[in-house]
Every structure is written in structure tokens, then in C-alpha cells.
Amino acid sequence: MESIDAQIERIISLDPGGRGVGSLLVAGDLAAAADELMRARRVWILTGFVIPALKTGETDGPPGAISLASGLLRLGIPTTIVTDPLNGVIMDRAGLSEVEFPLPELWRKERPTHVVAIERPGRAMDGRFHTMDGKVISQEDEVACLFDRASAEEGIVTIGIGDGGNEIGMGKVFERVVRSIPHGERIASVVSADRLIVAGTSNWGGWGLLASLSIRARNDLLPTDEVARDDVTRFVAAGGVDGRTGRSEGSVDGLGMDEYLAVLRELRMLINDSRATESMD
Ligand code: MG
Ligand code: MG
């Protein structure tokens, strides 16, 4: 029988955008990431993707980071969300969650044991960062440097969550991105992670990881539909946009709210079923 983690991987890798994300999946990495996170003492979550033409942040990333952070906090694991100033202003204005910037003093003080990057641009072969369609985002990025530092330091577990091949963590499947994703040779990120979670949209990857944690903790850590919807609408009201359409609308990667939340409902059903089965044993 298919394991619960494999079922979660299947649910979140639904590919509405037809980007070919299924071919990037690393089977078993979701389970390993959840096992490792259960032992975390301090987690940093890096997020935020800036749309260069619009100079604002997109709705994929921060909502997933917020869901993941609140789940980890419920497990008693201190968690810090770190982003760039542009996304920081939006999240702050939206009253969504407190965010920090990649400050070396804070890093030394908190000493994270686990660093998760969710929908965060990853450096490509040419040393630059790219959008899905191959546009250059920027050359300098402190958040990216922070992830490099986590990878270089002994004993820190790194986890990447992405949906397109151009994000931090996708270096783990670099060759596959080059082969199967449009503009792959230009956008493929060379930045790898210990564990890579691939999803149809990165927020789903955050929920998938939460679902795997929920199974392990025997506690439903997923956000409610209302909270998940609210995270997106508030981010948009504060100036964020859908990264796919570029429009200021309550959608994620072009997915309307119903389609977006359908994955959350499926994950919740899976958790509840597994708990019901467990209580019958
Ligand atoms: Mg992406
Ligand atoms: Mg996305």
C-alpha cells in the first residue's frame, strides 16, 4: 500500500500549471524532511519572491511560510520567518506575521538547527536569479547568502520547497530541471538542499510538510480554509500580487481560491482518515 507520505507527495504535486513538476519529485524527501523537523530546536523559514516588473511580492511563498511557522510553533518549536525588505513590508502591512531580515547577529543569537526555503529564488548557473520565464530578478540577495551559510555550516538541516525549478533547493534535481522545464538551462537553480519538496504551487508544499508533521505529531496542524484564504487576501490587500497573472487578486499562481484550497481539504481528509484508522487499531 502507498505510504501516507507518498499519498501527500501525490496530492501536492498536482500540476495545474502543466509545468512538469512531477518529474522533479524526489521520492522520500518529504518523509525525511518531516522526520528531521520533528527534532528541530529552532527553525528559520526563508520566503518571498519579488516580481521584477511590478516590484512587489507574490502570493506564493509567504502564506505557506506562515502556515508552516504556526504549525511548528504549535509543536513547541521556535520558528522565525525571514524575508527581503519588500516582502517584509507587505507582510507587516498585512499584519500576517512578524518577519525578520537576514541579520548576522540574529543568526548568531538564534542558531537555527533547520533552515527551510519556500518559494525563494535560487541562484542559476550564471550566478543570477530568474523568474519562470527567464527574466533576471537581481544579482545580490542576502536571503540566498543566508541559505548558503546554512548549507556550509556543519549540522544544519536544509530543506527547499519549490514549484518551478528556479527556487532554492532545486539544485538537487538540476539536470532534470534543465531537461524538462521550459527555459530550464537558463533558470535552473544550482542551489541544492538536504531535502527537496516539489509541489504544484509552493504553498501546497508547505501544507504537505505540515500534513506529514501532523501524522507524526498525531495532531492536525494544517490551517483552516478560512485562515488559508485570509493569508492570501490580506497579502494582496497589502500590495502583493498573483505571481502568475501579475494581478492584484486573491489567487495563487493563477489558481482561483477553490482550486487552491482543494489541496488543503484533501490533505485534511487524509490526516483525519489516518487518525480514524489508527483509533480503530
Ligand atoms: Mg516558483
Ligand atoms: Mg509558485
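All values below come from the heavy atoms of this structure, side chains included, with hydrogens, waters and symmetry mates left out. Just so you know, residue 1 is the first one in the sequence shown, and it goes up from there. Numbering of ligands and ligand atoms starts at 1, following listing order.
- Here the N, O or S atom of Glu119 that is nearest to the Mg ion (ligand 1) is OE2.
- Between Asn219 and Ser214 the shortest side-chain heavy-atom distance does not fall below 4.5 Å.
- Looking at Glu167 and the Mg ion (ligand 1) together, the shortest N, O or S contact belongs to OE2.
- The one candidate from Lys135, His183, Arg186 that meets the side-chain contact (heavy atoms from CB on, under 4.5 Å) condition with His130 is Arg186.
- Taking the six-membered ring for Trp and the full ring otherwise, the centers of Tyr260 and Trp207 sit less than 6.0 Å from each other.
- Among the heteroatoms counted here (N, O or S) of Asp253, OD2 is the one nearest to the Mg ion (ligand 2).
- Looking at heavy atoms from C-beta onward, His114 lies out of side-chain contact with Ile156 at the 4.5 angstrom threshold.
- Here the N, O or S atom of Asp163 that is nearest to the Mg ion (ligand 1) is OD1.
- The name of the N, O or S atom in Asp60 nearest to the Mg ion (ligand 2) is OD2.
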Salt bridge (Lys or Arg N to Asp or Glu O under 4.0 Å) assessment of Glu105 paired with Lys109: CA-CA 6 Å; Glu105 312 86 77; Lys109 190 173 131 228; over 6 Å; no
